[in-house]
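Please read the structure below before turning to the comments.
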Amino acid sequence: MATRVDLEALIDDWIARGLVAAEHRETLVSEAAARDGRGRGSMLLALLGSGLIVLAVVAFLAAQWQEMSPLARLALMIVGMLGADVAAVWRLRGHGADDPLGQGALLIGAGAFGGALILVSQTYHLVGDWRDLALIWGVGALAVCLAARSRAVWWLALGLLTAWATGVAVEGTMPALGALVVLACAAWPVVRWRLAAETVPLQLALLAWASAWIIGLETPETLAIPAAVQALAWAVALRADDGRRFWVGPIRGFNILATFAVALLAGGVGGLFDEPIDLGPAAAGAVTLLSGAAIAIVWTSSRTPREEAGALTLLALLIGAWPWLDYGAGLMVWLPPAVLLAASALLALGATHTGRRGGLSMALVAFVAEAAIVYLSPSFGLLASSAFFLAGGVVLGLIAGRRLTLERRELTP
Amino acid sequence: MSRRRLIVFAVVVVVQLAVVLGWVASVERHLATGRPLVLAVEGRDPRDLLRGDYVTLAFPFERLEGLTVPDGLEEGDAAYVVFDTTAEPAEAVAMVAENPGLVPGRLALRVRVEGPQRVTAPNLTRFFVPEGAGRPLEDDIRDAAVTLVVAVDDDGAGVVRQLRVGGTVVADTRLFP
């Protein structure tokens, strides 16, 4: 999927070579962007669905279901990995490198590789270090990303390698240079393929690593290292995006990090990472009102970009909704995650169709929040969570496939 | 996807497969060839985000009662605790800086020095259990009824082979016993 910057550069090249008349430039750009926007909906749904299936795999393994032997589970992981990779090759060869279902299958294959690693360390009770697991998984995902030129798998690789790099930076168990080299490898596809949109998460990753490094600091002089990392991040952004987002990346990176910090804080206060806290209806109502006020402030402030406004709204809604989650029982417990899943799918479809970035951010945050609630909350068993993720992933994949068929029919003359 | 890219992708998948199966093969070999060491266990149960519930295993020998860390060793260094394997569970009888090798009735387990009177055994500190099964196992451990059978290789590295409650094997980690 080409970015708008790539597209404009290509059309300018055609104009310079006399292949296209200059007066058709804007028409071509808007027409191509509209078609690309239609394709993004299917891609987003396919990737969200694949992400849910990867989560289903992790939750299933974590549950250590005794009805299936460890050997059978290992065989399932390996067959799943190979099956997803073969399906990905079949789709990508038949429908092009940007086929959403092919990219989704690649993501599932890379996820199953991680699942196999988790299973082996769990089966033999090899404690090791979660950072080592993240590193091996991340390197494996990065290799898939480079071999198949997959932006979806790049996101997985970046997440894992960032988790590893920040982990070793806090612990001080790895020289800074080593972590930086690995992150630079993750940056390479962004530079090589000139992926403008990926400069923001890349800078966020480097910022997270630099922050972890500061936490692990023993002498203030080494503050120069995070400063150097930011300089490198800006250089990457400059190279990847012809300077258009030179400042946008770092500034939005800080915004997103601040949002994430607020979410973590709220999660901690709301008991997301510990035993659930029963606030009582009055306190839960007060939290909901505060969240409503936060939403109003975010949307009425002219200085908040729509993307951040969308994400912050969802976070505020979740903070408000969290205390109410524990009032459910039985199947009612599953109602909020199911509503969030449906909401993220609808928002993704609506936002990609109309080009509303605030809506798209809301869709992504809803998806992440839903996954976090189901996986982390003690209210949900791991096996049931796995089944929920799997069902959600399959439904999103089917919707993506159906939408893709309709889009292709629409584009066929 | 071009033919060249397809070949590179296939190589990546084969390497991933080799990493997983190679890891399994190396641990299975360790379990099959390592000498058994039976250890008494103490523990409690938290949850790992990726790998699920587990019981944190602690061992009496980690407190180094009656033993001392050899001179010159610092926190993070590797050392060896020598066990008398004629007793069950095995009893820690010495701590040395170098692997003493094969001695009849004795087995050396590689440990990590954590302090002047504290060591830990890498790869033996967590025992993963099905969701919700941690607390009953914790109760068994509190009743001093649990022992761990560890496969120790020539380098002194230990891998969990069996968990026994009251002498009965309740978990065997080998995929091909």
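Proteins come first, then strands; the chains are lettered A, B, ... in the order of their sequence lines, and each starts at number 1. For the numbers below, each heavy atom of this structure counts, side chains included, while hydrogens, waters and symmetry mates do not.
Surrounding CG of B:Asp154 are at most 12 heavy atoms belonging to other residues, nucleotides or ligands under 6.0 Å away. The number of heavy atoms from other shown groups lying within 6.0 Å of CZ (B:Arg29) does not exceed 12.
The CG atom of A:Leu92 lies 10.0 Å from the CG atom of B:Leu6; values are rounded to the nearest 0.5 Å. To the nearest 0.5 Å, the span separating OG on A:Ser150 from CZ on B:Phe9 amounts to 9.0 Å. Interatomic distance, CG of A:Asp85 versus CG of B:Leu17, reported as 9.5 Å (0.5 Å rounding).
Side-chain atoms of A:Gln122 and B:Tyr54 include no donor-acceptor pair closer than 3.5 Å.
Counting heavy atoms from C-beta on, the side chains of B:Val19 and A:Leu117 come closer than 4.5 Å. Looking at B:Trp23 and A:Ser121, their side chains come closer than 4.5 Å, going by heavy atoms from C-beta outward. Contact annotation: the side chain of A:Tyr124 approaches that of B:Leu175 to within less than 4.5 Å [non-hydrogen atoms, C-beta and beyond]. Two residues are said to be in side-chain contact when any heavy atoms from C-beta on lie closer than 4.5 Å; A:His125 and B:Val159 fail this criterion. Between A:Leu119 and B:Val20, the closest side-chain pair of non-hydrogen atoms is not below 4.5 Å.
With a 4.5 Å cut-off on non-hydrogen atoms, B:Ile7 does not touch chain A at all. Contacts between A:Met81 and chain B at a heavy-atom distance below 4.5 Å involve the side chain alone, from C-beta outward. Heavy atoms closer than 4.5 Å to chain A are found in the side chain of B:Val12, but not in its backbone. When heavy atoms are compared at a cutoff of 4.5 Å, A:Leu82 approaches chain B solely by way of its side chain, counted from C-beta outward. With a 4.5 Å cut-off on non-hydrogen atoms, A:Leu146 touches chain B through its backbone but not through its side chain.
Interface summary for chain A: among B:Arg174, B:Glu28, B:His30, B:Gln16, the most heavy-atom pairs under 4.5 angstrom belong to B:Gln16.
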Trace of the side chain to side chain contact (heavy atoms under 4.5 Å, CB included) decision for A:Thr123 with B:Phe128: CA-CA 8 Å; A:Thr123 300; B:Phe128 293 96; over 6 Å; no
